[in-house]
Amino acid sequence: MSEPKPQPRLIHVRKPLVRVEMNMEPVEPLDGPVTRGPLIRVSRPLKRVTLTFAPAASVRLTLPLVGGADGERTFEKLAAIIRIVNEMEALWNRAGVWVDGARSGVQGGEVVIVLVPNDTADALATCKRIAHILFNASPGATVKVFAAESEAPVYELAA
Amino acid sequence: MSDDVPGRLEPPLVRLAVVCEDVDESADGRPAIIRFPVHTLQFPGLLERNYQVPGLVLYLQLQGGFGSFDLRVRMRRVDGSREVTVSPTYRLILATPGDAVPLELALKLNHLVFPDPDVYELMVYVGELNLHEPRDAAPRPFPPVVVAALPATGAEGGVV
């Protein structure tokens, strides 16, 4: 899959910190003198885990722009095909797919469209079925299906 | 609870409570870093009783609420058998009803004494209301903050 794009800056919304000093007092008299001591921390090493929230499966269609083809017009054609595919899916009471706008567009001499199933149930089967339709409807396109945790495609259709 | 702010009193919810060593602020005074979260500590040296720790900080996020309240921190043994220490009150004024942005406080707990090695829990009260107990407005409240104090091992250990 393509390299992840830089994340936008996280905008914090918060109020100024309110600092309060409180002198704790025992509820009952203590049974002996108080001894001050250093704080001895007891803890295990921090375990760092990265959780990437990704769709269960996705389709990535790549269509090279050959012969001076206009990228934006080609993108619109493919978007129109996807709308028709969604209408076909709806006829079978299926939820269809959505275009992941953040990962789709005209990039370096080719049009890339990433599709994600609207319903996570059977997402991989949905992606494979739609990959076939798009491959047959888009001459010259390469269509790959990715599972969520996979960097490599689990299914690929190429001329 | 008191009536410094006119209107119906609504206690806040505890959204997050963490015992730590300090909270750092960013340049604009906003809380930025929770330093050294504390969940377990150890009695130093050969000490067996009445260990006064350096001032820990209870970092607190309070959500919503409306009115003026006497906020207090209480510490008890985790089995609930006995409350061991209590703070004086801090007058908490929540003047904006329905405020979506939590209020963040760093409560420095001076003179905090652990009577003996045990597991303790810190709780925040407004008036006599324990904010960690379920109520209609908070059916699943944030739990008390647990701190375990282990017995001394005879060594000074990893002193800060």
Side-chain angles (χ1 to χ4, degrees), chain A residues 3-56 95 98-103 116-121 123 148-149, chain B residues 21 23 25-26 28-32 36-45 47 49-59 71-76 82-88 90 92 100-113 115 148 150 152 155-160:
Chain A
E3 288 294 313
K5 293 178 181 173
Q7 293 294 305
R9 190 171 65 89
L10 186 64
I11 301 172
H12 293 272
V13 178
R14 55 201 330 166
K15 297 172 179 163
L17 181 69
V18 177
R19 287 192 182 272
V20 179
E21 294 236 0
M22 297 179 141
N23 293 326
M24 304 298 285
E25 296 172 1
V27 173
E28 297 174 355
L30 297 168
D31 60 359
V34 167
T35 304
R36 293 181 189 175
L39 187 66
I40 301 175
R41 303 185 194 114
V42 180
S43 60
R44 296 191 172 94
L46 181 67
K47 188 176 285 291
R48 289 190 184 273
V49 178
T50 300
L51 300 174
T52 302
F53 291 85
W98 60 277
V99 177
D100 182 346
R103 294 190 287 165
V116 180
N118 286 318
D119 185 353
T120 55
E149 68 280 8
Chain B
E21 292 186 31
V23 178
E25 295 147 280
S26 56
D28 62 357
R30 266 62 177 173
F36 298 108
V38 173
H39 50 74
T40 307
L41 48 86
Q42 188 168 47
F43 274 51
L47 192 61
R49 304 191 68 78
N50 301 329
Y51 166 38
Q52 180 177 313
V53 297
L56 295 177
V57 170
L58 177 61
Y59 168 74
L71 183 145
R72 193 188 286 270
V73 176
R74 296 175 183 268
M75 186 172 81
R76 70 180 180 195
R82 195 157 59 96
E83 197 168 271
V84 296
T85 186
V86 62
S87 76
Y90 165 71
L92 173 70
V101 180
L103 178 66
E104 292 171 89
L105 300 103
L107 308 175
K108 187 164 188 187
L109 310 176
N110 294 326
H111 308 150
L112 182 62
V113 175
L150 303 180
E156 286 300 315
V159 177
V160 176

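Nothing here was measured: the structure is a model prediction, and the numbers come from that model. All chains are named by letter (A, B, ...) in the order of the sequence lines, taking the proteins before the strands, and each is independently numbered beginning at 1. Just so it is clear, the values below take in all heavy atoms, side chains as well, and ignore hydrogens, waters and symmetry mates.
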### Task
Please round to the nearest 0.5 Å and tell me the distance separating atom CG of B:L47 and atom CZ of A:R36.
13.5 Å
### Message
Restricting to non-hydrogen atoms, name the atom on B:E104 and the atom on A:K15 that form the minimum distance, rounded to 0.1 Å.
### Response
OE2-O, 4.2 Å
### Partners passing side-chain hydrogen bond (donor to acceptor under 3.5 Å, both in side chains) against B:Q52 (at least two apart in sequence or in another chain)
none
### Closest contact, heavy atoms only, A:L39 versus B:E21
CD2-OE2, 3.3 Å
### Task
Measure distances from B:L41 to the heavy atoms of chain A and classify the residue's part below 4.5 Å as side chain, backbone, both or neither.
both
### Message
I need the A:R41 CZ to B:T40 OG1 distance, nearest 0.5 Å.
### Response
13.0 Å
## Note on the structure
Interatomic distance, CG@A:N23 vs NE2@B:H111, rounded to 0.5 Å, equals 5.0 Å
### Close side-chain approach of B:L150 to A:I40, heavy-atom, < 4.5 Å
no
#### Entry: Test item: B:S87 side-chain N/O and A:M24 main-chain N/O as donor-acceptor pair under 3.5 Å
no
#### Entry: Partner of A:M22 by side chain to side chain contact (heavy atoms under 4.5 Å, CB included), out of B:L112, B:L71, B:V86, B:N110
B:L71
### Query
Counting heavy-atom pairs under 4.5 Å to chain A, which of B:L56, B:V84, B:L58, B:V73 comes out on top?
B:V84
#### Entry: Greatest number of heavy atom pairs closer than 4.5 Å to chain A - which of B:R74, B:E83, B:M75
B:E83
### Query
Counting heavy atoms not belonging to A:I11, are there more than 12 under 6.0 Å from its CD1?
no
### Task
Output all residues satisfying salt bridge (Lys or Arg N to Asp or Glu O under 4.0 Å) with B:R30, sequence neighbours left out; order by chain, then residue number.
none
### Task
Check each atom of B:V23 against the heavy atoms of chain A and say whether the ones under 4.5 Å are side chain, backbone, both or neither.
both
### Message
Is B:R82 close to chain A through its backbone or its side chain, or both, or neither, when contacts mean heavy atoms under 4.5 Å?
### Response
side chain
### B:P102, part contacting chain A, at a heavy-atom distance under 4.5 Å
backbone
#### Entry: Nearest atoms (heavy-atom pairs only) where B:P54 meets A:G37
CD-O, 3.2 Å
